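Worth saying up front: this structure is predicted, and the values here are computed from it rather than measured.
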Amino acid sequence: MGTRELGLPEKVASVHSLPERVTIWEVGPRDGLQNEKSIVPVEVKLEFLDRLADSGLTMLEATSFVSPKWVPQLADAEQLLAGLDRREGVRYPVLVPNERGLDRALEAGVSHIAIFASATETFAKKNLNSTVDDQFAMFEPVVTRARAAGLDVRGYVSMCFGDPWEGAVPAAQVAGVGKRLLDLGCSQLSLGDTIGVATAGQVETLIGEFPDVGALAVHFHDTYGQALANTLAALRCGVSTVDSSAGGLGGCPYAESATGNLATEDLVWMLDGLGVESGVDLDALVATSKWMAGKLGRPSPSRVVNALAG
């Protein structure tokens with residue numbers, strides 16, 4: 001039985017003040033799997049990517065060129081990209097931390113990279129072994145070289161709403177980091193609620209700090225069950241790119257209080273009910289997340305996947 005027979009409302013005309021279409025930036029293959037203790041075979045990762053593409057997702061963050069010492073789950077980045085069946089119309093961005101990571105990405109023939117910054121000093125130290133100001137000296141040559149090579153560059157900002165060591169993070173502080181990334185040459189900025197403490201009001205306040213909402217994406221974790229509400233707040237502010245992870249997989253290896261990402265199924269369910277197009281087949285996506293949960297040997301955190309588990 002499909003999702004519509006089990007209660008999903010029929011699609012309706014787009015609600016006033018919402019975008020007509022949302023681009024879903026699927027982070028499951030990278031952010032979703034990076035925290036897994038048991039190594040997932042590269043063949044499973046490749047099938048995961050194929051299944052996600054089959055469901056209609058067109059932005060699949062495939063892997064990361066971080067040091068295997070720090071994220072052993074993604075040590076197979078080159079092998080994965082070499083075996084990837086790249087679909088027409090689907091993009092496969094990768095995360096890079098520094099110039100060495102960029103070298104590896106260029107050798108692998110990627111066309112889209114992402115860099116990751118911190119909005120707070122403590123997380124910059126723990127995640128990048130840097131300071132908020134000094135991190136830009138590391139990013140500048142990465143972005144410059146990537147753009148010169150014709151690559152698109154996305155910038156992530158972590159700890160945009162709260163930091164487990166520093167507490168609440170001022171919106172102006174986050175915006176300062178984000179604007180510097182855009183000035184470096186990032187085409188898009190993803191604002192991350194790394195530990196899932198944001199509320200809709202905070203989301204509206206932070207987005208209001210940026211003059212070009214079209215350059216923004218949002219990345220919510222669901223620690224307190226606020227990810228969908230925060231996403232809706234962002235959509236009402238004009239944001240039209242949302243990060244999510246199939247099955248709600250993910251976390252952060254350097255922030256223990258971070259739980260799973262916003263589940264892509266939960267996001268698509270909401271978007272369909274709002275009449276906002278995503279291009280994603282919900283039934284195919286749910287089947288993929290059920291399959292991946294089976295490969296990982298545990299239930300999915302996604303509410304939609306669990307509701308349809310029977």
Side-chain angles (χ1 to χ4, degrees), residues 14-25 27 31 59 114-124 132-133 135-136 139 143 152-244 252 255 258 261-262 266-267 270-271 273-278:
S14 184
V15 177
H16 178 67
S17 82
L18 294 177
E20 292 183 2
R21 186 179 183 88
V22 162
T23 297
I24 297 176
W25 186 293
V27 299
D31 192 15
M59 294 296 297
I115 60 174
F116 49 99
S118 172
T120 66
E121 294 291 349
T122 306
F123 196 63
V132 168
D133 282 337
Q135 64 185 337
F136 295 99
F139 300 144
V143 177
D152 200 359
V153 183
R154 177 189 233 211
Y156 281 100
V157 184
S158 299
M159 300 298 175
C160 288
F161 300 94
D163 178 297
W165 303 279
E166 298 184 19
V169 183
Q173 178 176 319
V174 178
V177 171
K179 290 171 184 176
R180 289 179 72 174
L181 288 174
L182 292 171
D183 289 344
L184 277 180
C186 292
S187 62
Q188 187 179 73
L189 191 70
S190 177
L191 303 173
D193 183 18
T194 311
I195 58 172
V197 296
T199 62
Q202 288 178 296
V203 172
E204 293 174 357
T205 297
L206 178 56
I207 292 172
E209 293 278 340
F210 292 90
D212 182 9
V213 177
L216 300 181
V218 288
H219 184 121
F220 295 117
H221 288 235
D222 207 28
T223 311
Y224 295 95
Q226 300 298 298
L228 279 177
N230 291 335
T231 298
L232 182 57
L235 298 181
R236 291 193 183 281
C237 291
V239 173
S240 60
T241 299
V242 179
D243 298 0
S244 62
C252 177
N261 292 286
L262 168 63
D266 298 3
L267 172 61
M270 182 182 78
L271 293 176
L274 291 169
V276 177
E277 292 295 329
S278 67

Supply the atom-to-atom distance C186 SG to L181 CG, rounded to the nearest 0.5 angstrom.
5.0 Å
Checking D243 side chain against S190 main chain: does a donor-acceptor pair fall under 3.5 Å?
no
Using modelled atom types only, decide if a donor and an acceptor are shared between the side chain of D193 and the backbone of F161 within a distance under 3.5 Å.
no
Looking at S187 and V153, would you say the former's side chain and the latter's main chain have a donor-acceptor pair under 3.5 Å?
yes
By salt bridge (charged side-chain N to carboxylate O under 4.0 Å, His left out), which residues pair with D163, not counting sequence neighbours?
none
Taking side-chain contact (heavy atoms from CB on, under 4.5 Å) as the test, write out the residues that go with L232, two or more places apart.
L18, R236, M270, L274
Just grab all the side-chain hydrogen bond (donor to acceptor under 3.5 Å, both in side chains) pairs involving residues 172-183, residues at least two apart or on different chains.
D133-R180
Partner residues of Q188 under the side-chain contact (heavy atoms from CB on, under 4.5 Å) criterion, sequence neighbours left out
W25, R154, A217, T241
Taking all heavy atoms of T231 and all of L267, pick out the closest pair and write down the distance.
CG2-CD1, 3.9 Å
Under 3.5 Å, sequence neighbours excluded: what are the donor-acceptor pairs made by side chains of residues 202-215?
from	atom 1	to	atom 2	distance (Å)
Q202	OE1	T199	N	3.0
Q202	OE1	T199	OG1	3.4
T205	OG1	G201	O	3.0
D212	OD1	G214	N	3.1

Rounded to the nearest 0.5 Å, how far does OH of Y156 lie from OG1 of T194?
11.0 Å
Nearest heavy-atom pair of V174 and A119: which atoms, and what distance?
CG2-CB, 4.0 Å
Tell me, please, which residues at least two apart from T23 pass side chain to side chain donor-acceptor pair (under 3.5 Å).
none
Tightest non-hydrogen contact, residues S244 and I24, listed as OG-CG2, 3.3 Å
